[in-house]
Structure formats: C-alpha cells, structure tokens
There are 2 protein chains.
Amino acid sequence: MANSASGESIIRRFITIISAFDDKHTSMSVAELGRRTGLPVTTTYRLVDELLLERLLERDPKGNIQLGTRMWELASRGSKTLGLREAALPFMEDVQSVVQHSTTLGVLDSDEVLYIERLGSTSTIVDITKIAGRLPVHATSSGMVLLAHSPSAYQDMILSRPLTKYTETTLTDPAALRRHLAEIRQRGFAAMPGVIVPESSGIAVPVYGSDSTVVAALSVVVPRDEENTAARVPVLMTAARGISRALGWRGKLKGTLRQSH
Amino acid sequence: MANSASGESIIRRFITIISAFDDKHTSMSVAELGRRTGLPVTTTYRLVDELLLERLLERDPKGNIQLGTRMWELASRGSKTLGLREAALPFMEDVQSVVQHSTTLGVLDSDEVLYIERLGSTSTIVDITKIAGRLPVHATSSGMVLLAHSPSAYQDMILSRPLTKYTETTLTDPAALRRHLAEIRQRGFAAMPGVIVPESSGIAVPVYGSDSTVVAALSVVVPRDEENTAARVPVLMTAARGISRALGWRGKLKGTLRQSH
DNA sequence: GCATGATTACCATTGAGTGGGAATCCTTCA
DNA sequence: TGAAGGATTCCCACTCAATGGTAATCATGC
C-alpha cells in the first residue's frame, strides 16, 4: 500500500496530514505542515493541492491552510457520535444547570477516553477535558466507569500496561484498580477525587445503548473540596437514564433501581 | 491523480466512501457500500480494509462497517467549526430557553447553508434542519442573512443559478431577492415565513468573527401562525452579540445599536 | 440441498505517485 | 536598495502500489 520511499500509503499520509491539526494548531503554511508531518516538501504540496481541491482542506484569509468545513461535515454526518451527542445534550444541560461546574460525555476509543461533548466554562473549575480530546482510562472517572463495564480482555489490556501516576491519589496498581472497578460496578458510579489534577474531583455514571451495553459515560467535574460529592450522583443517574432511554435502551429496572440510592 | 479506470484518485474515492454514510445510512456491508459508491468490488474491499486498519472506518457488532470514531475525532479536533460551536452553545441555550422551538447555527459552505449546531426537539415544530445538514441559501433565513453579508461575486453566483420554489412564499426572482438582501442588511435580521415548509417561519441574525466579517447565522424556527415573530429579534440579536464577542469581535456599536429595534 | 449474495484469493498490467533538484516568488531586515 | 531566508512552484525520470477482472470460498435463508 505504498508508493513512497517511506512505505506509507496515501491514506496513511492523509491521516498524518489531518492529524497535524489540533486545537492549538488550526492553521499553518504548507511548508510548516511539511515540517510537522515529516513528509517530503514536494509531496506535501502535491497532496495539499488535491485536498484543497476536494475541500477537505481550506485556505484561510492569510493563505494558511486549515481543516475544511467539508471534512467536519462528512465525518459528522454519518457518525454515531453525532447521534449520541444529540441524545445526550438536553440531559447534559439539565445536569449542568444543577451542578454548575462542568459536565462531559465520554466514550472509550482505542485505549483512552475520548470526550465527545462538554458543557461548562473552562474558567469556573480546573478541568482539562476538551471536546474531541483524550485522557487516560485509569485516571478519569469516565474512563473507570467505561472500563468497569468492558470485556475482561480489554480490562487486562489496559491494566497490564504502565500507568501514569498524575497525583498522590492516582491508582496505578492493577490489583487496586480491579477492586475499584468491582466497586464501581456494584455502586453504579465512579467518584475519583484529584486523580488527574489535585484540585478537582470527577464523578461518572454509565450510559446504556439499545443493546444494553454501556456506550458512554456521563460525568461532572467539581472542586475537590466540595462537601458532599455523593449528592451529585442521583442527578447524574437520572440524566444517564434519560439519555439511555433516548438511545433506545429499555431499562433493566432492578439493577438500576438498586443503584439509584 | 488516478490509477483507476474511471480516473479517480484515492483521495477522491476515499471521499466517495465516507460520503456514502449519512444520518440515514450509518452502517452497511462492504458489498452494499460498493454498490452505493459504484466502485469495483475488489477495489472497495481493498480500500475498506485499509480504512478499517487506520480506524477511519469501524465494524459494528453485526460486522457491518460504519464511520470510525477516529474519523470524527480527527475532523473535529482541529476544525474551526468546533470553536464556533463552543462559543455559540451557551448563548444558543439562552435563546432556546426563551423561544422554545428550535435554534440553529449555520455557516455558508460552497453554495449552501451548513448547519453546525441545533437545539430543540424535532417534535415541537416542523423544522427540517439537521446538524451537519444542508439547505439552500435562498430558502432559509440563515442563508439569506449570510448571503446579505457576502461578497457580491458570491451573491451573483448564487442568484444566477436556477432557484427552487419550495412553497408559495419562496422568492426565486433574483431582483426580488436582491431587494430582500438589502432590506436584511438594513434591518439587521431576516424573517422568512414559510419559504421552505409552509408551517414554519425562520428568523435569523448575523454572527461576527474577530475580523468583523459575518461568520455564521443564528436563527430560530417558530410556527408560522405565531402572532409577533418580530418580537423574537431582540433575543436573537443579544445572543448573536454575545457569540460574536466570544469569538473576539470588538463591536461596531452604532451599527448594531441601530439594528436592535 | 440449493440458490443468492457476501467475502476472500489470485494475478498480470500500468500510470499515479514519488521526491530530488532547481527556479521563482515573497518577506524581512539592514 | 539589496541581499538573505524561506515559501512555493516547476520539472521529470523512475517504479511499485493500485487496479479490477475472474474465480473460488464462505454464509444465510428457503
């Protein structure tokens, strides 16, 4: 699949190119793109030209290139992420109006949590989640909820690799993490104080899809010193049930009722 | 740029493939994808294989393929759409809480309006806008607001092509549309009753970017028989100013004050 | 068991893709 | 004004990735 000296296919290089753009680098010159991607200059120009033609890339007023609106459109239009987000948003607004700090919706992708929606200003609280941003599974409440409801093979995969200790309270010992996962399954939520930044606590609950598997985690981030974090749980639970139902989930009543207090 | 008999490049075919997915077709078999795209069978399988490998496509539990979460992530992460959406969402919620029907944010892309955000349930009102969906410029309030603030070359391009008459009230005469555009510029908003579906009215106002150009249109769709649609305008204006300011716009006060009633 | 359709395997053919090098075109700064 | 540094475009000979037909194999349902 590669005509190139480096052995990369066009698709591979296409991904390299769009990966060079993120929230801190939304536009750049072609030459800079070439440097960032490590692609040969000529090749970069040729590829960018074609992508501009197809409108997957665009030029901004200054002549720099950026991701095209068409790219966003095509990727969003048919994606299940959009459906999930749309189902969740109204309920997330409810949560946000009560909790006031920051509300996020995350899914598992590859070996990390990918946040697909986030409400709440960045200023009110220390919360490093971003839409379309990633965080490690073991150090986030969302991640742990999702992991708790994943196949054991996946759990093994995550827990067997070296885990970063972000703060004093980050658990990195596989055995301790497994105990925590069991606890999360039993209680129906994850509460993790200061595991990624010391100032904040995350609380997360699972969201179910129509096939009754866990498809996402709904979470809030609150200041760590807040008195009664557990008081947030019912709010989250209620919202998560609403989202699940909107996704076509037809509740397993007992389990959920047991969990709700 | 093409090795193929049809003269299409890989990038072109890649676009053909992801374009085959939309909100009504989120997953399908490879063979069906081949049929939908018109690509040779073998080629479809080969291409899909590579895209699965790169995780731009994914298999669902049934073995069908769908757009990968990675695709959404890469396209969202670096896109200006995300920034616009994030700036707008809080203000859109305000509008939605007052107007109660449906609130949308649209941009001009190619020769249509592309909606990048939408609040409000689909059930309360007849409103065919969808997130990542498109509608024609001349038949939407958002489109007309955006067109009113576009370069005249662009206006000419739009107005010189055949325009679909959706309902009795859809304007399709270029001269009449130009008069309407002038009116929109002067008043600062567009109000269009039943131009695309007879039951609904759209009202839209411009959103400014940091360079004081119009970057988006904020709009609400309300039942057409609602008494005083003009009463919605100040709400929209206020929200649009808020969004503009969040985008770094440093108001041209007179213009906007004049427009506000 | 037997269609019908989806998926995988095989393989000869060829032009799209490649990338080094050099020529322009901008900026910027002295 | 002029020179230096960088971005962009032009040129071109080489080659293997991509192609797509045919056929075998693998589901699935009736």
Side-chain angles (χ1 to χ4, degrees), chain A residues 1-22 24-68 71 78 211, chain B residues 1-22 24-68 71 78 211:
Chain A
M1 291 286 207
N3 219 334
S4 60
S6 65
E8 296 170 309
S9 67
I10 303 208
I11 298 290
R12 194 78 271 283
R13 292 187 154 181
F14 164 70
I15 294 175
T16 306
I17 286 178
I18 58 173
S19 299
F21 297 89
D22 58 30
K24 317 217 61 166
H25 305 88
T26 46
S27 77
M28 63 192 80
S29 72
V30 183
E32 190 182 344
L33 179 66
R35 260 177 273 117
R36 278 175 66 84
T37 55
L39 295 174
V41 228
T42 311
T43 304
T44 311
Y45 278 97
R46 184 167 17 86
L47 237 40
V48 165
D49 269 350
E50 189 177 2
L51 293 173
L52 284 171
L53 200 74
E54 299 293 350
R55 306 195 338 96
L56 296 188
L57 294 179
E58 285 171 3
R59 300 206 105 96
D60 71 8
K62 271 168 268 156
N64 285 344
I65 53 170
Q66 56 188 183
L67 291 188
M71 181 82 217
D211 57 355
Chain B
M1 288 285 205
N3 218 335
S4 60
S6 66
E8 297 170 309
S9 67
I10 305 210
I11 297 291
R12 195 76 272 282
R13 293 187 154 183
F14 164 71
I15 294 174
T16 307
I17 287 179
I18 58 173
S19 300
F21 298 89
D22 59 30
K24 317 217 60 166
H25 305 87
T26 46
S27 77
M28 62 192 80
S29 72
V30 183
E32 190 183 344
L33 179 66
R35 259 177 274 117
R36 278 174 67 82
T37 54
L39 295 173
V41 229
T42 311
T43 304
T44 310
Y45 279 96
R46 184 167 15 86
L47 237 41
V48 166
D49 269 350
E50 188 178 3
L51 293 173
L52 284 171
L53 200 75
E54 300 293 351
R55 306 195 338 96
L56 296 188
L57 294 179
E58 285 171 3
R59 298 206 106 96
D60 72 7
K62 271 168 270 155
N64 285 345
I65 53 170
Q66 55 189 180
L67 291 189
M71 182 81 218
D211 58 355

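Note that these values count all heavy atoms, side chains included, but never hydrogens, waters or copies made by symmetry. Quick note on labels: first sequence line is chain A, next is B, and so on, each numbered from 1. Please read these numbers as outputs of a predicted model, since none were measured by experiment.
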Between [X] and [Y], which heavy-atom pair has the shortest distance, and what is it?
X        : Y        : answer
Glu50(B) : Ile11(A) : OE2-CB, 3.6 Å
Phe14(B) : Leu56(A) : CE2-CD1, 4.3 Å
Thr26(A) : Phe21(A) : O-CD2, 3.5 Å

Let's see if you can work this out: which of [options] has an atom nearest to the side-chain heavy atoms of [X]?
X        : options                   : result
Ile10(B) : dG19(C), dG17(C), dG20(D) : dG17(C)
Ala31(B) : dA18(D), dG21(D), dT7(C)  : dT7(C)
Thr43(A) : dT22(D), dT8(D), dG19(C)  : dG19(C)
Arg46(B) : dT8(D), dT18(C), dG20(D)  : dG20(D)
Ser29(A) : dT18(C), dT7(C), dA7(D)   : dA7(D)

Value in whole Å for how far the [atom2] atom of [N] lies from [atom1] of [X]:
X        : N       : atom1 : atom2 : answer
Leu51(B) : dA18(D) : CG    : C1'   : 14 Å
Leu47(B) : dT19(D) : CG    : P     : 6 Å
Met28(A) : dA7(D)  : CE    : C1'   : 15 Å
Leu33(A) : dA7(D)  : CG    : P     : 12 Å
Asn64(B) : dA27(D) : CG    : C1'   : 14 Å
Glu32(B) : dT4(C)  : CD    : C1'   : 16 Å
Ile65(B) : dA6(C)  : CD1   : C1'   : 12 Å
Asp49(A) : dG17(C) : CG    : C1'   : 14 Å

Output yes when at least one side-chain N/O atom of Tyr45(A) is less than 4.0 Å from OP1 or OP2 of dT9(D), else no.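 No, because none of the side-chain N or O atoms of Tyr45(A) sits under 4.0 Å from OP1 or OP2 of dT9(D).
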
Contact under 4.0 Å: Arg35(B) side-chain N or O vs dA6(C) OP1/OP2: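 Yes, Arg35(B) has a side-chain N/O under 4.0 Å of OP1/OP2 on dA6(C).
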
Is the side chain of Ser19(A) donor-acceptor paired with the backbone N or O of Ile15(A) at a distance under 3.5 Å, no angle test?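 At least one qualifying donor-acceptor pair exists.
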
Tell me what Arg12(B) touches on the nucleic acid: a base, only sugar-phosphate, or nothing, going by heavy atoms under 4.0 Å.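 Answer is nothing: Arg12(B) stays at 4.0 Å or more from every strand.
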
Take Leu67(B) and Glu58(B), measure what side-chain contact (heavy atoms from CB on, under 4.5 Å) needs, and give me the verdict at the end. CA-CA 6 Å; Leu67(B) 291 189; Glu58(B) 285 171 3; over 6 Å; no

Using the closest heavy atom to pick a nucleotide of DNA chain D for each, name whichever of Ile11(A) or Val41(B) lands nearer the 5' end.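 Residue closer to the 5' terminus by nearest nucleotide: Ile11(A).
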
